[in-house]
2 protein chains.
Amino acid sequence: MVKYKSIAEQIRNRIINKEYDASKPLPDQEKLAKEFGTSRVTIIKALNLLSIEGLIYSKQGSGTYIRKNALQMSKLDSRADEYVGVTEQIKGNGKISSVIIAFNVRFPNEDECEKLMITKSQPIYDIVRFRLLNEEPFLIEHTIMPVHVIPNITEEILQKSIYQYIKNDLGLTMLGANRRIRADQPDELDQQYLKCTERDPVLEVIQVVYLDNGVPFEYSRTRHRYDMGDILVVDMKYKN
Amino acid sequence: MVKYKSIAEQIRNRIINKEYDASKPLPDQEKLAKEFGTSRVTIIKALNLLSIEGLIYSKQGSGTYIRKNALQMSKLDSRADEYVGVTEQIKGNGKISSVIIAFNVRFPNEDECEKLMITKSQPIYDIVRFRLLNEEPFLIEHTIMPVHVIPNITEEILQKSIYQYIKNDLGLTMLGANRRIRADQPDELDQQYLKCTERDPVLEVIQVVYLDNGVPFEYSRTRHRYDMGDILVVDMKYKN
DNA sequence: GAGTGGTCTAGACCACTAG
DNA sequence: TAGTGGTCTAGACCACTCC
């Protein structure tokens with residue numbers, strides 16, 4: 001663990017445990033540097049992390065302050081696996097299970113080539129999964145992934161989590177994603193699996209997900225029941 | 001303009017103008033530091049900015065590379081005013097006009113106090129606007145804002161942009177927002193103004209927007225016609 | 001092993017806030 | 001004017017990649 005991350009973690013814990021008076025600024029950077037036996041630059045990097053998380057904010061010439069709803073915000077992280085930051089209660093209780101509707105390999109069309117930055121001759125997986133949350137219909141997910149980027153996908157992996165396979169078995173890490181969110185009328189597949197009527201909207205998320213080396217590995221379209229959780233987006237600027 | 005931002009800008013321009021060979025890494029940090037007559041740390045800060053923008057990525061021990069779809073990505077910014085990153089074509093052509101449906105001042109309820117971090121005795125604006133894009137029904141926006149944070153709002157301001165007033169006239173800057181996105185069935189107001197039928201879903205965004213001093217100033221609920229643009233979310237990790 | 005990015009230091013000066 | 005965060009330097013060592 002690098003130093004600045006470890007320091008950030010310690011300060012984060014102090015804030016969460018209310019060891020700092022939230023009505024006053026944190027100790028200044030100089031003092032923190034002395035306390036942690038490090039240089040000011042390292043403290044700045046640590047504070048930066050917390051500032052990105054939305055836990056604190058700095059005001060030049062004044063000090064570094066704890067954001068009032070720091071605790072609320074610190075929960076709002078969204079990983080791609082559960083990118084739908086399904087509301088907290090769901091996150092806590094929920095068990096997700098998957099039914100594989102389709103699992104094929106084929107060549108990509110032009111749009112897919114462009115989105116995944118591959119050529120027409122590079123095969124892709126074409127996966128459709130129906131997912132349930134606590135046995136209730138939750139979403140339908142259409143996913144394509146280049147075979148050469150994410151090799152050896154099996155049905156067993158699809159039953160669980162593709163992301164865990166990518167992370168734990170392939171040792172790859174994700175950089176992030178580009179998402180496009182919209183509402184739509186339900187199509188036949190939606191009505192069949194999500195058990196919704198013609199009047200029940202679906203929430204659609206189309207995303208391209210990238211590895212940390214900049215290679216896109218997933219292009220997917222996910223359709224949610226409108227009453228099963230919403231999407232949380234935290235969008236904070238950062239300082240450098 | 002600080003040095004590292006200026007350097008980032010220059011490198012960004014070179015990338016966009018294809019002055020660097022995208023198939024090879026950028027010059028290493030040492031070389032860039034020498035070229036720009038600065039230290040390596042400053043170059044790192046500049047590259048960091050570009051990395052956050054998604055234009056480049058670094059691989060330890062290897063080099064700094066241009067992301068292949070760099071140009072695409074660099075367009076995907078989302079300001080809060082137009083937080084609905086209405087798809088590009090709309091962004092380009094669109095003219096937004098507003099009709100004020102309601103504009104009142106009242107005391108907040110408990111939920112509103114909590115979201116805006118104010119007390120029950122601090123009055124708020126309560127605004128409902130119907131907004132059109134190129135004369136077509138686009139969205140309905142319910143907004144509340146604390147009067148003491150954003151004083152002197154007038155109907156004239158509401159006709160244009162609240163955000164421009166906040167930025168230009170009040171001299172305040174936004175830090176960001178917390179958004180919650182979902183699909184919903186249309187209610188009566190939606191059907192009346194957005195001209196949608198019972199089967200046309202709406203896309204709802206509930207957001208709390210913050211100033212850069214950490215004070216929330218807006219709590220709003222916006223309901224969109226489902227066929228008028230979607231929401232773009234770029235969610236990239238950054239280093240440090 | 002050579003080259004490159006990641007982290008860290010100690011110290012300096014500047015920009016801004018607030019009393 | 002004193003105190004605080006923001007930027008910057010020059011140099012060091014480490015971690016990792018790739019040959």
Side-chain angles (χ1 to χ4, degrees), chain A residues 1-11 20-21 23-52 55-67 170-173 175 211-215 237-240, chain B residues 1-11 15 20-21 23-52 55-67 171-173 175 211-215 237-240:
Chain A
M1 172 84 96
V2 289
K3 204 163 185 174
Y4 74 95
K5 287 184 185 173
S6 142
I7 292 174
E9 195 174 300
Q10 293 175 63
I11 296 178
Y20 285 126
D21 182 346
S23 67
K24 285 186 292 193
L26 295 185
D28 66 69
Q29 297 173 348
E30 199 64 60
K31 285 201 190 66
L32 288 172
K34 196 160 282 179
E35 182 198 337
F36 286 100
T38 185
S39 73
R40 222 185 111 211
V41 177
T42 303
I43 293 294
I44 289 173
K45 285 183 83 172
L47 293 179
N48 234 301
L49 281 185
L50 301 180
S51 153
I52 289 170
L55 220 55
I56 61 172
Y57 61 94
S58 298
K59 249 168 102 177
Q60 184 171 122
S62 171
T64 300
Y65 301 87
I66 298 175
R67 203 168 285 272
L170 298 182
L172 302 172
T173 57
L175 175 76
L211 296 174
D212 68 349
N213 59 9
V215 175
K237 307 290 178 280
Y238 24 73
K239 317 220 171 146
N240 336 287
Chain B
M1 172 85 96
V2 288
K3 205 162 183 175
Y4 74 95
K5 287 186 185 172
S6 142
I7 293 175
E9 194 174 301
Q10 292 175 63
I11 296 178
I15 292 174
Y20 285 124
D21 182 345
S23 67
K24 284 186 293 193
L26 295 185
D28 65 68
Q29 297 173 349
E30 200 63 61
K31 286 201 190 65
L32 288 172
K34 195 161 282 179
E35 183 198 336
F36 286 101
T38 185
S39 72
R40 221 186 112 210
V41 177
T42 303
I43 293 294
I44 289 173
K45 286 184 81 171
L47 293 179
N48 233 301
L49 282 186
L50 301 179
S51 155
I52 289 170
L55 219 55
I56 61 173
Y57 61 94
S58 298
K59 249 167 101 175
Q60 186 171 134
S62 171
T64 300
Y65 301 86
I66 298 175
R67 199 165 290 254
L172 302 172
T173 57
L175 174 77
L211 296 174
D212 67 349
N213 58 10
V215 175
K237 306 289 179 281
Y238 23 71
K239 317 224 171 143
N240 334 313

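Residue numbers begin at 1 in each chain, while the letters A, B, ... track the order of the sequences.
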Exercise for review: Would you indicate whether the side-chain heavy atoms of A/Ser6 and A/Phe36 approach each other to under 4.5 Å?
Suggested key: no
Study note, to complete from the structure: pair_partner(C/dG3), Watson-Crick or wobble, both distances < 3.5 Å, evaluates to D/dC16
Practice item. Could you check how far OH of A/Tyr65 sits from C1' of D/dG3, rounded to whole Å? Key: 11 Å
Practice item. For A/Glu30 and C/dA10, give me the distance from atom CD to atom P, rounded to whole Å. Key: 11 Å
Review point. Within less than 4.0 Å of OP1 or OP2 of C/dC8, is there a side-chain N or O belonging to A/Tyr4?
Key: no
Review point. For A/Lys5 and C/dT7, is the shortest distance between a side-chain N/O and OP1 or OP2 below 4.0 Å?
Key: no
Review point. At under 4.0 Å, does any side-chain N or O of A/Ser62 touch on OP1 or OP2 of D/dG3?
Key: no
Review point. Between atom OG1 of A/Thr38 and atom CG of A/Leu32, what is the distance when rounded to the nearest 0.5 Å?
Key: 10.5 Å
Practice item. Please tell me if the side chains of A/Tyr65 and A/Lys24 come closer than 4.5 Å, counting only heavy atoms from C-beta onward. Key: no
Check your understanding: For the pair made of CG in A/Leu32 and C1' in C/dA10, what is the distance, rounded to whole Å?
Key -> 17 Å
Check your understanding: Which of the following nucleotides, D/dG5, C/dA18, D/dC8, is nearest to the side chain of B/Val2?
Key -> D/dC8
Review point. Residues from residues 35-42 of chain A sitting under 4.0 Å of DNA chain D, heavy atoms only?
Key: A/Arg40, A/Val41
Review point. Are any of A/Lys3's side-chain N or O atoms less than 4.0 Å away from OP1 or OP2 of C/dT9?
Key: yes
Point to revise | side-chain N/O B/Gln29 vs C/dG3 OP1/OP2, d < 4.0 Å | key: no
Check your understanding: Does anything in residues 27-37 of chain A pair up under salt bridge (Lys or Arg N to Asp or Glu O under 4.0 Å), and if so which pairs, sequence neighbours excluded?
Key -> A/Arg14-A/Glu35, A/Asp28-A/Lys31
Exercise for review: Rounded to the nearest angstrom, tell me the gap between atom CD1 in B/Ile43 and atom P in C/dT4.
Suggested key: 15 Å
Review point. Between atom NZ in A/Lys31 and atom P in D/dG3, what is the gap in whole Å?
Key: 9 Å
Point to revise | Pair B/Ile66-B/Leu55, side chain to side chain contact (heavy atoms under 4.5 Å, CB included): steps then yes or no | key: CA-CA 6 Å; B/Ile66 298 175; B/Leu55 219 55; over 6 Å; no
Check your understanding: What distance separates B/Lys3 NZ from B/Ser39 OG, expressed to the nearest 0.5 Å?
Key -> 7.5 Å
**Study point:** Nearest-Å distance for atom pair CG/P, residues B/Asp28 and C/dG6
**Key:** 12 Å
Practice item. Send over the distance from A/Gln60 CD to D/dG5 P, rounded to a whole Å. Key: 10 Å
Review point. Which nucleotide in the set D/dC18, D/dT7, C/dA18 lies at the smallest distance from any side-chain heavy atom of A/Ile44?
Key: D/dT7
Review point. Which value, rounded to the nearest 0.5 Å, describes the distance between B/Ile44 atom CD1 and B/Asn48 atom CG?
Key: 8.5 Å
Practice item. Report yes if at least one side-chain N or O of A/Lys45 is closer than 4.0 Å to OP1 or OP2 of C/dT7; otherwise report no. Key: yes
Exercise for review: Measure the distance from NZ on B/Lys34 to C1' on C/dT4 and round it to the nearest whole Å.
Suggested key: 15 Å
